[in-house]
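The next block holds one structure in the form of structure tokens; read it before the comments.
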Amino acid sequence: MIEPFGNQYIVARPVYSTNAFEEEHKKRDRHHKTFLDHLKVCCSCSTRKAKRIVLSLLPIASWLPAYRFKEWLLSDIVSGISTGIVSVLQGLAFALLVTIPPGYGLYAAFFPPIIYLFFGTSKHISAGPFPILSMMVGVAVSRMVPDTSITTPESFNSSVSNELNGSSLNDRKVVVAATVSLFSGIIQLALGILRIGFVVIYLSESLISGFTTAAAVHVLVSQLKFILQLQVPSHTDPFSIFKVLESIFTQIEKTNIADLVTALIILLIVFIVKELNQHFKDKLPVPIPIEFIMTVIATGVSYGFDFQTRFNVSVVGTMEPGFMPPVTPDVGIIQDVIGDCFGIAIVAFAVAFSVASVYSLKHDYPLDGNQELIALGLGNIVSGAFRGFAGSTALSRSGVQESTGGKTQIAGLISAIIVLIVIVAIGFLLEPLQKSVLAALALGNLKGMLMQFAEIGRLWRKDKYDCVIWIMTFIFTIVLGLGLGLAASVAFQLLTIVFRTQFPKCSTLANIGRSNIYKNKKDYLDMYEPEGVKIFRCPSPIYFANIRFFRQKLIDAVGFNPLRILRKRNKILRKIRKLQKQGLLHVTPKGFICTVDTIKDSDEELDNNQIEVLDQPINTTDLPFQIDWNDLPLNIEVPKISLHSLILDFSAVSFLDVSSMRGLKSILQEFIRIKVDVYIVGTDDDFIEKLTRCEFFDDEVKSSIFFLTIHDAVLHILMKKDYSTSKFNSSQEKDGKMDFTINTNGGLRNREYQVPVETRF
């Protein structure tokens, strides 16, 4: 019964052990589904289930019939045109990161939005090229197809060299990029179909932030060769970023000044206008399309003044109108790039799902992670088949689509139409555009990712573990490269989880405020700890890796080693029996009479092969007297302990494995054998059921040691023990129960708890 009283409440209930609670409150019989039950549900078929499956696989079938043409169509058209212009420029720019001709970037910007329209669940992200993924694909391309104009023939892979005899270098790069993208899409599709999109949970926010920041640095370094127009060899091994920088600085005097000046001007103007867009985003109807404006101006200036001839700048070059025929993937290179494919698949999904989650929360609509995997996978498969490269979503492009009023993926369809127009009709207008301009536009999209360095200070103040994960992810990715760096970062992150659970911050609790609240006794001033009672809390799972740490922290908390006490007592007991048999020890009404001065513990009594005898329970039934180990006569030297009850708070222990179960039982037995009562509180029913299945309980460790709460266990101890300083101030029978107040030197006051006269324990 709970009675409110002002801002307080009064609880009247019995003190419950777990067994007593289950006796009074019968549990409902629940059928736990087996694998066969789940299989039957999975294989069953109904009209409703079929409709649900169709709608989940084709989300467009659920929202398109409800599309509000009058309200949304104009907004989607405006948003689609703005996003399409950005998609064209980013497709061209990010193709440089893949080290393939810019024109193929348009294919990567065209197909994914079309596929995502039918299969995606986000209404606002813009599917297509993403600089980090383009860089990851470019790493695989550079490794499989070394640049013959820079590297020496001796460095070639022999199989690659043979294939290059029948095709151009660029064609070979396109095939490799398409193959990597296609198989990355297949991996995403498989993960989505198998409903294991949860793999993204292993990429924390800190890890993604650190990885994308480091990848942005890689992108920055990779674009320097286009801005400076230098011949820089590709490196894909660890420390590659430093080798690229070394190559750039050793030939810095060969910089093309025209490309450098153009890129710097473009960067400066783009940066200023983007800042204005951000500052006045509430007042501007649409962001100023500065990338489009600068591209038009730069293309016109380059064409009008013939920069290619006069200043020898590098330009986009010939762009064939229309679509190239589909390409056959090179299955022979799969074993060499499968690691890259997995990394690209996971990073693409993690980035897209993170961005989509932001907009789904902002606009309040559901998001299906597994369906997102299917949509992205199909998009990358189609893009790879048609000579494109892997994509996800660019933060800036999705921001344009959402901020310009996009309501649905119809905006994505419009953006794809804009890209299509460029591919089939007006692509030739971009042929005079300098590659340094595309590089500058690519760098202009990195500002948000590079600004993530500010995360270090914020994370350090909030969670030092997350801060370390960010820093180490950044270092791994910079030093080892994108693929190995991501793998090492995930491994390090999992290692921090193991470290946190292997070395949990255990604490000793005490009562605060003379109530049923128990807190770390180091944190508060007004704390009460019942005499002879220790409350120990473990805030993590207990498993094979931390059971020894748990044992040591428990020993530190109680102040003694129970096994050491047990062994010493058994040794002394053997001495007492020996003296009694020899007639040197007699018991009289006045006490003990012994002809020896002192009984000392000797470590040499037993060798290591016999030490197990000392670990057995203490048995004094054969003695004609009782032994009080804290009040021994004859100057017997045995450590004294004041602890009589130990409470283990397992409310934060989520699981216990079989290996640690044996260790826990051994710990409990050691305390029980030296007459320290052990109680476990806060566990759920599944925890106890698992212990029962594993035959954890026996004559020593009984199921009656489990209590619902710490306070239940403390009250049980106070009732069970005969304290000389405890007394009942008042008692009154009420319906077979009596209210009581326990005072232990100003200790707990519990008029609220009613305890049965016939004790349950």
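The model shown is predicted, which means the values in this text are computed figures rather than measured ones. Values below: all heavy atoms of this structure, side chains included; hydrogens, waters and symmetry mates excluded.
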Below 3.5 Å, can you tabulate the donor-acceptor pairs from side chains in residues 476-485 to any protein atom, sequence neighbours excluded?
| unit_1 | atom_1 | unit_2 | atom_2 | d |
| --- | --- | --- | --- | --- |
| T477 | OG1 | T473 | O | 2.7 |

Name the atoms and distances for all side-chain donor-acceptor pairs under 3.5 Å in residues 413-442, with sequence neighbours left out.
| unit_1 | atom_1 | unit_2 | atom_2 | d |
| --- | --- | --- | --- | --- |
| S415 | OG | G412 | O | 2.6 |
| E431 | OE2 | M319 | N | 3.1 |
| Q434 | NE2 | D259 | OD1 | 2.8 |
| Q434 | NE2 | S436 | OG | 3.3 |
| S436 | OG | D259 | OD1 | 2.8 |

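Proximity of a side-chain donor or acceptor of Y104 to a complementary backbone N or O of F389 within less than 3.5 Å is not detected. For the pair Q90 (side chain) and F130 (backbone), a donor-acceptor distance under 3.5 Å is absent. One N or O on the side chain of T255 and one on the backbone of I252 form a donor-acceptor pair closer than 3.5 Å. The backbone N or O of Q401 sits less than 3.5 Å from a side-chain atom of S79, completing a donor-acceptor pair. The backbone N or O of P329 sits nowhere less than 3.5 Å from a side-chain atom of T179 that would complete a donor-acceptor pair. At least one donor-acceptor pair closer than 3.5 Å links the side chain of R387 to the backbone N or O of P325. Using modelled atom types, no side-chain atom of N380 and backbone atom of I186 make a donor-acceptor pair closer than 3.5 Å.
For the atom pair NE2 (H218) and CD1 (I132), the distance works out to 9.5 Å, reported to the nearest 0.5 Å. To the nearest 0.5 Å, atoms CD1 (I338) and CD1 (I333) are separated by 10.5 Å. Taking CG from N277 and CD1 from I290, the interatomic distance works out to 8.0 Å, rounded to the nearest 0.5 Å.
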side-chain hydrogen bond (donor to acceptor under 3.5 Å, both in side chains) between S398 and T393: does it pass, once the steps are laid out? CA-CA 7 Å; S398 296; T393 180; 2.4 Å; yes
Derivation of the side chain to side chain contact (heavy atoms under 4.5 Å, CB included) call for M294 and V273: CA-CA 11 Å; M294 296 311 299; V273 176; over 6 Å; no
Would F94 and L133 count as a side chain to side chain contact (heavy atoms under 4.5 Å, CB included) here? Give the steps. CA-CA 9 Å; F94 298 161; L133 287 180; over 6 Å; no
Show your working on side-chain hydrogen bond (donor to acceptor under 3.5 Å, both in side chains) between Q452 and T213 and close with a plain yes or no. CA-CA 6 Å; Q452 291 178 138; T213 306; 2.8 Å; yes
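Screening residues 308-337 for ring-ring contact (aromatic ring centres under 6.0 Å, His included) gives Y107-F323, F110-F323, F111-F323, F307-F311 as the qualifying pairs, with residues at least two apart or on separate chains. Among residue pairs with one or both ends in residues 307-317, those qualifying as side chain to side chain donor-acceptor pair (under 3.5 Å) are D306-T309; sequence neighbours excluded. A salt bridge (Lys or Arg N to Asp or Glu O under 4.0 Å) check over residues 475-492, counting only residues at least two apart or in different chains, returns nothing.
A 4.5 Å side-chain heavy-atom check between V137 and I344 finds at least one atom pair inside the cut-off.
In this structure, a donor-acceptor pair under 3.5 Å is present between the side chains of D76 and T408. Of the N and O atoms on the side chains of S209 and E455, not one donor lies less than 3.5 Å from an acceptor on the other residue. In summary, the side chains of S247 and Q251 do present a donor paired with an acceptor at a separation below 3.5 Å, with no hydrogens or angles considered.
Test I125, V355, L367 against S360 for side-chain contact (heavy atoms from CB on, under 4.5 Å) and you get one pass: L367.
Ionic pairing of R172 and D330 is present here: one or more N-O contacts between side-chain nitrogen and carboxylate oxygen are shorter than 4.0 angstrom.
Residue E246 places its CD atom among 12 or fewer non-hydrogen atoms of other residues, nucleotides or ligands, all under 6.0 Å distant. Atom CZ of F118 has 12 or fewer heavy atoms from other residues, nucleotides or ligands within 6.0 Å. Heavy-atom neighbours of F453 CZ from other residues, nucleotides or ligands within 6.0 Å: above the threshold of 12.
In plain terms, the two heavy atoms of G406 and A411 that are nearest each other are CA-CB, 4.5 Å. When all heavy atoms of I469 and Q493 are compared, the pair lying nearest together is CD1-CG, 4.0 Å. The two residues P112 and A109 come nearest to each other via the heavy atoms CD-C, 4.4 Å. Contact record, A127 with R397: C-NH2, 3.6 Å, taken as the closest heavy-atom pair. Nearest heavy atoms, G444 versus L267: N-CD2, 4.0 Å.
Listed by chain and residue number, L260 satisfy the side chain to side chain contact (heavy atoms under 4.5 Å, CB included) test with L264 (two or more places apart in sequence, or in another chain).
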